[in-house]
Amino acid sequence: MIHSDTKLPDLPPPRRSDGAFGWIRANLFSSVTNTLLTLFAVYLIYIGVVPVIKWALIDASWVGETRDDCAVGGACWVFIKTRLNQFVYGFYPEEFYWRVNCVFLLFASLIALLITEKTPNKKSIVIFTLTAFPVITFYLVYGGAFGLEVVETHKWGGLMLTLILAVVGIVAALPFGILLALGRRSTMPVIKTFCTLFIEIWRGVPLITVLFMASVMLPLFIPEEIVFDKLLRALIGIVMFQSAYMAEVVRGGLQAIPKGQYEAASALGLSYWKMMGLIILPQALKLMIPGIVNTFIALFKDTSLVLIIGLLDLLAIVQAGLADAKWAGYSVEGYVFVGLVFWVFCFGMSRYSQALEKKLDTGHKS
Amino acid sequence: MPEKKKDLAKGHTAFWNDPEKRSMLYQIIMLVFLIICGAYIVSNTLHNLDSRGIKTGFDFLWSEAGFGINQSLIEYDESHSYGRTFFVGLLNTILVASIGIIIATVLGFIIGIARLSNNWLIAKISAVYIETFRNIPLLLQIFFWYFAVLRPLPRPKQSIEFFDVFFLNNRGLALPDPNFVEGFGWVLVAFVLSLLVVFGVRRWAKVRQDATGKSFPIVSISLAIMLGLPALTYFIVGSPINWEVPTLRGFNYRGGITVIPEFLALLLALSVYTAAFIAEIVRSGILSINKGQTEASLALGLSRPKMLKLVIIPQAMRVIIPPLTSQYLNLVKNSSLATAIGYPDLVSVFAGTTLNQTGQAIEVIAMTMAVYLTLSLLISLFMNWYNKRIALVER
Amino acid sequence: MVEMRSVNKWYGDFHVLKDINIMVRRGERIVLCGPSGSGKSTTIRCINRLEEHQTGDIIVAGTPLTNDLKNIEVIRREVGMVFQHFNLFPHLTVLENCCLAPVWVRKMPKKEAEEIAMNYLQRVKIPDQALKYPGQLSGGQQQRVAIARSLCMNPEVMLFDEPTSALDPEMIKEVLDTMIELAEDGMTMLCVTHEMGFAKTVANRVVFMDGGQIIEENNPNEFFNNPQSERTQLFLSQILQH
Amino acid sequence: MVEMRSVNKWYGDFHVLKDINIMVRRGERIVLCGPSGSGKSTTIRCINRLEEHQTGDIIVAGTPLTNDLKNIEVIRREVGMVFQHFNLFPHLTVLENCCLAPVWVRKMPKKEAEEIAMNYLQRVKIPDQALKYPGQLSGGQQQRVAIARSLCMNPEVMLFDEPTSALDPEMIKEVLDTMIELAEDGMTMLCVTHEMGFAKTVANRVVFMDGGQIIEENNPNEFFNNPQSERTQLFLSQILQH
Amino acid sequence: ASTVKSVQKRGYVQCGVTTGLPGFSNPNDKGKWQGIDVDVCRAVAAATLGDANKVKYTPLTAKERFTALQSGEIDVLSRVTTWTITRDASLGLNFTGVTYYDGQGFMVSKELGVKSAKELDGASVCIQSGTTTELNLADYFRQNEMEFEPVVFDTADQTAKGFEAGRCDVLTSDQSQLYALRIKLSKPDKAMVLPEVISKEPLGPVVRQGDDQWFNLVKWTLFAMVNAEELGLTSSNIEKEKKSKNPEVQRFISGEGSKSLGISSDWAYQIVKQVGNYGEIFERNVGSSSPLKIDRGLNKLWTKGGIQYAPPMR
Ligand SMILES: Nc1ncnc2c1ncn2[C@@H]1O[C@H](COP(=O)(O)OP(=O)(O)OP(=O)(O)O)[C@@H](O)[C@H]1O
Ligand SMILES: Nc1ncnc2c1ncn2[C@@H]1O[C@H](COP(=O)(O)OP(=O)(O)OP(=O)(O)O)[C@@H](O)[C@H]1O
Ligand SMILES: [Mg+2]
Ligand SMILES: [Mg+2]
């Protein structure tokens, strides 16, 4: 029995006869439990979100110069506005803001170039970002060459310091992380043991004790003649700590490279370091980017801990601003502002890493 | 054992080209380098300590501390030693970390599962929760919770009361403290007895379910027995516990047990923050389970909750455990941020006040780090053991 | 037993099932075949609501398949399904796999469920593997466990979605044998398969699908020896070349 | 060219290679066959030190294979190897894959290396794919790139480890053709393969291994038509059944 | 190594200060540090390097301060630090003198209606961790057989915030700090400082042991400032007084002792010129011309009924 020998036409799907209402039914009220959950969720939103919006947007004050310009009951964003420069640049001299801005601009454009798909010559941009860019940044921000006046590190602060700590931390941790990961996979027991111990110890202790050690105890361990800048010492602590985490990311990346790649490389006569440098690491690094971004997010958030050792990062400088008697009582605004800044950065990065992970995921199957 | 003759032409091999000798050389160089570095640091430190007249050694642990701590699980006052402050801090760290781990795990699992709910609103709220708390520094959240907890609470005089025995105010939550008097032994006996009974009932219920398929409200009955029997005994024997109910005297409630706001804030911050990460782990763990498993369960007629409980979660655990372990480790380490709001944990009490009063930074920091390393190690060991156990079931 | 009346289904804008009409009576054995992507899997997955159809009616054992969760539950209980990739639960033993649904869905005593399970395991000839984990079995054995697992729910209809296509040749036979036995015992079956030998042996009717529609439906004899439609002829010539 | 003298190898306690003696003269083409797990791969992997043998001598192009890194380097330069799974470098283009070793190991100028590479790509008939990435090629094309990559180092001997077993049937032919051409040009080859047609066409000798030992060694004619050992006969009967 | 030498080589003094305490060391809107403790640092820099601005400030919490000094992270700790025997004797530190005679007191919210510290039985007390106050507090309550709950914070700011949020009934600290913290409250009038002073808190700069030259330098920087006030030398008149006939003034300006201290001979002149004498510093930072308006009290010169007394410069 033939049903129909002609090809039936492709019809468009039926419009949901029940429209938005049907969607709501299917997604919110499909069963009793579901309905209860929905009501619960609506209640949560009602008690959680409504007052916040009222406080932060509707009743808030935006214009003015002093606290008298702020209405009671709403958020006083005036406070943030008047101190914004300080929150971004710390106590960096105002006349030199342009130097920091240049770095911000350069950094932003490099990042933009790196995350867009179709940038030509990505390799050289990566190399530029990892080598020349830090040098340029150093001379621009710190000065001391090309006729730029020196700006001491203790004047650095705010978002700028947060970014510097995080970026330097991650960039410097990468090579150490790679070495440690290679060491941990080594067949030489001494090196393997050392790297494993190093990684596990740094991963096992809280960052604030590491920062404490770096900031006030490090000078005990080195000869009196050698002096390090405080910021530099905090950075050393962060880099040590971070390289342990980075090593684990790298190890994961290395493990994902099939054994055949190692064999093919040795069969072609490449030596260990050439094999690593030309074949394994370039492939592994690509796989590691999501992991690196995630580590970076963690580090970025952790930079707020330098407050405990007296560096004026974004959180610390906002707190210092809150201590100003002229603005006493606006701490919520301050914290919300800091939270928002951190959130925007971290959320953006985590979205990027998720997208990347997805891409790599499909990329592997094909 | 095969007899292994080491191979030919050994004599010809240049020392530098023999990989074994070469790796030996590397290792010796590394070792020497490490020893030199170590020696250098040690000698510098010794020299610096000496030239600056700083005392060393662990004698300080036995001298009187002289400062107060507002939460201690063991008996402590100003006249106790610095060594004891170490244990006070350690126990406080363990307290907040272990409760934090439990809450974070429960919350994380709930939210991770809710994230996959087919109720659109619930799924979205969970997503917002995760994305919010994951992306804001913990330190900031601790500050937030501290002031969020403190601000709405009244002063002690206007405390919020529950049943005249619990009092909530900005000094914390005051609870009655049980003092055991004679006759309490019977209650204990009754409790043990009730445990035995419950155990028996559960066995019986399981046998009955296996035999007849009828399920038995085990949880509620067990609870009733476990609470009822001791309570009955308690009244029969004549209330052998003197509840020391906190009373308002002077500035504050005295007597009883007080849960301080620092603890609450830290606990909230740690659990809420870590739960966001755990939720993501749970979600990806569940998603990692092959779609076929879901389909097979549905085709067998299992409902969604049962499917999660019987099929998906047991398999997902294998994927979940390793990253979960590192979240636990993070939580323990993050508990050291207690120092920011003055919760008396190890870092705050020992690596803070004690270090400052004694000035013996090296000893104190070394002890502190050793504690964290040990805790990390213990957690890792336990989780690895657990992972092995479930992995075995799986195979 | 199973009735599909002008069922239509879309994936987004893609029209996968076009006006499908199938009627399976109690005790009937229907084989569904057709080229890859023709919508065979989708059809049988609609029957126990692993996929949702958009228009048309599906009625299983007298219960109409609607959005009502109660009905879906009833239908799923009455319909057993065997997948291409077995989909056994790897964390449970073979016996536990079989008992899971009877105990938790049918609220059967464990003892009884185990007895039934052993009974069906016997029927698929692997009672001795009951305490092993699926990972320890060969593909053919796993598929037989999957069949036993479905049978334990005592379903009215069994759906098979290419049960042998993930198996090595030696194993195909053992699974087909099991299925033939099942058919001989009078089980109602709706089976997607390319095993034409099986179709010839047990099917009451063969349904041929292409491009989301049913092209031809006939008894096996007619279907194989005297296909009516051009597309069927083409398909059969390809299949039989193998 | 390649000489193995009573080579023995253990994996832990497991004796994989037992007293292997193979002699490959310049221009000779040897095919190594035997059942799975018989140690064929291990044997040829010992030749360029992807595995370490424990006793016995291996001499390649006059250089003894010892722990001496210099010797290993020399040997690896003289020995090309093609793997079952191609093992191309996915992050480099085809051309870069080919030039990598000449540039970094032989320290050849890039220009020259590229010329040579294009030359060999021409020979394996895919010069037009030079700028693509391996992921964009079919399996057969990838394997031909792998052959070209080895040839670029201008090796004295080529080792092949089941170069066609991961390929679809249509692609097997194109790879085998490439290998036959190579053989006709006089390349010294040691080849693990189950392609008996290939063995008959080009091999000077066929070596049959089982259980880590060499069971039989003969010219292809004798080997296929008049196998001496029972195990060879069994093996051949299984292979030729296909 | 000689700290004087290394400071001169480096070109600046590393000075440990608080993380923010008005009147003693506090960064203003522009991030410029101000306060008595800061002026001491500036004076040390003026003496050592001839330029009061060559100071690098390291904000330290109470907990970090001694470790930072011990480790060499800072050259001088000028951070409202109380001079006690344990600190002097066993921490490897030396106190160079007293810049501010202080005593521990209590601040309470006026609402409580408390008039005396003796009424504080059972109170929760906000306190900064790692201070002598923490120890004195315990002593005081024990001695008066009262109970208390210590609520410990890391920095002065946080302590004040905790007090303001109602976490504790009482804030205890050195009296001067209480005044400083009070003006940071959003409603300073709601809080009052109780009359009791329960301890002696001599505050002064600290240096490491084992470098007597540096120790002397810091010590005599302080004395120079006190002596300058005694001699009537101020930053505005010292230029004129260069020609003064008074032999003591002459000795002061010509920089007695500069050789053995290893610094230039106008060191004392530079201190007064660039930073001022003790009285000026006091008035400017905490006295009547500051928001704190603290009475000089014990910190008056010995000639005026106080106990600020400096050995003669000869
Ligand atoms: N989830 C989905 N979303 C969109 N399209 C889908 C989805 N699942 C299947 N399809 C498409 O629907 C069509 C029918 O798929 P179906 O799996 O039913 O085919 P089939 O006849 O079972 O083929 P096969 O023999 O390969 O199993 C195919 O074109 C397929 O690509
Ligand atoms: N790294 C290893 N450790 C231990 N045993 C190994 C290892 N590699 C291979 N073997 C064992 O050595 C034996 C020989 O392996 P080999 O790969 O040489 O066999 P083969 O003849 O190439 O087989 P096939 O045709 O499957 O490739 C096998 O039994 C294998 O299980
Ligand atoms: Mg299908
Ligand atoms: Mg092999």
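Each chain gets a letter, A, B and so on, in the order its sequence line appears, and its residues count up from 1.
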Checklist outcome for this item: Smallest heavy-atom separation, B/G301 atom then C/R76 atom, equals CA-CB, 4.0 Å
Checklist entry - Would you find more than 12 non-hydrogen atoms of other residues, nucleotides or ligands less than 6.0 Å from C/D13 atom CG? => result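 Open: at most 12 neighbouring heavy atoms sit under 6.0 Å from CG of C/D13.
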What's the spacing between [X] [atom1] and [Y] [atom2] if we round to 0.5 Å?
| X | Y | atom1 | atom2 | result |
| --- | --- | --- | --- | --- |
| B/M317 | C/H91 | CE | NE2 | 12.0 Å |
| B/L300 | C/C152 | CG | SG | 9.5 Å |
| B/K291 | C/H85 | NZ | NE2 | 12.0 Å |
| C/F89 | B/N290 | CZ | CG | 11.0 Å |
| B/L310 | C/L92 | CG | CG | 8.0 Å |

Checklist entry - Checking heavy atoms, do the side chain of C/L88, its backbone, both or neither come under 4.5 Å from chain B? => result backbone
Checklist entry - Is it the backbone or the side chain of C/R106 that comes under 4.5 Å from a heavy atom of chain B, or both, or neither? => result neither
Item to check | Residue among C/T93, C/I75, C/V105 with most heavy-atom pairs under 4.5 Å to chain B | outcome: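 The residue among C/T93, C/I75, C/V105 with the greatest pair count is C/V105.
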Checklist outcome for this item: Comparing C/N48, C/I72, C/L100, C/V74 against chain B, the one with the most heavy-atom pairs below 4.5 Å turns out to be C/L100
Next on the checklist: If I measure from the heavy atoms of chain C, does B/S297 come under 4.5 Å with its side chain, its backbone, both, or neither?
Outcome noted: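 For B/S297, heavy atoms of backbone and side chain both lie under 4.5 Å from chain C.
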Next on the checklist: Strictly distance-based, threshold 3.5 Å: is any side-chain N or O of C/N87 a donor or acceptor partner for the main-chain N or O of B/G292?
Outcome noted: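 A pair under 3.5 Å: yes.
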Checklist entry - Is there side-chain contact between C/W104 and B/K309, with heavy atoms separated by less than 4.5 Å? => result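 The answer is yes; the side chains approach within 4.5 Å.
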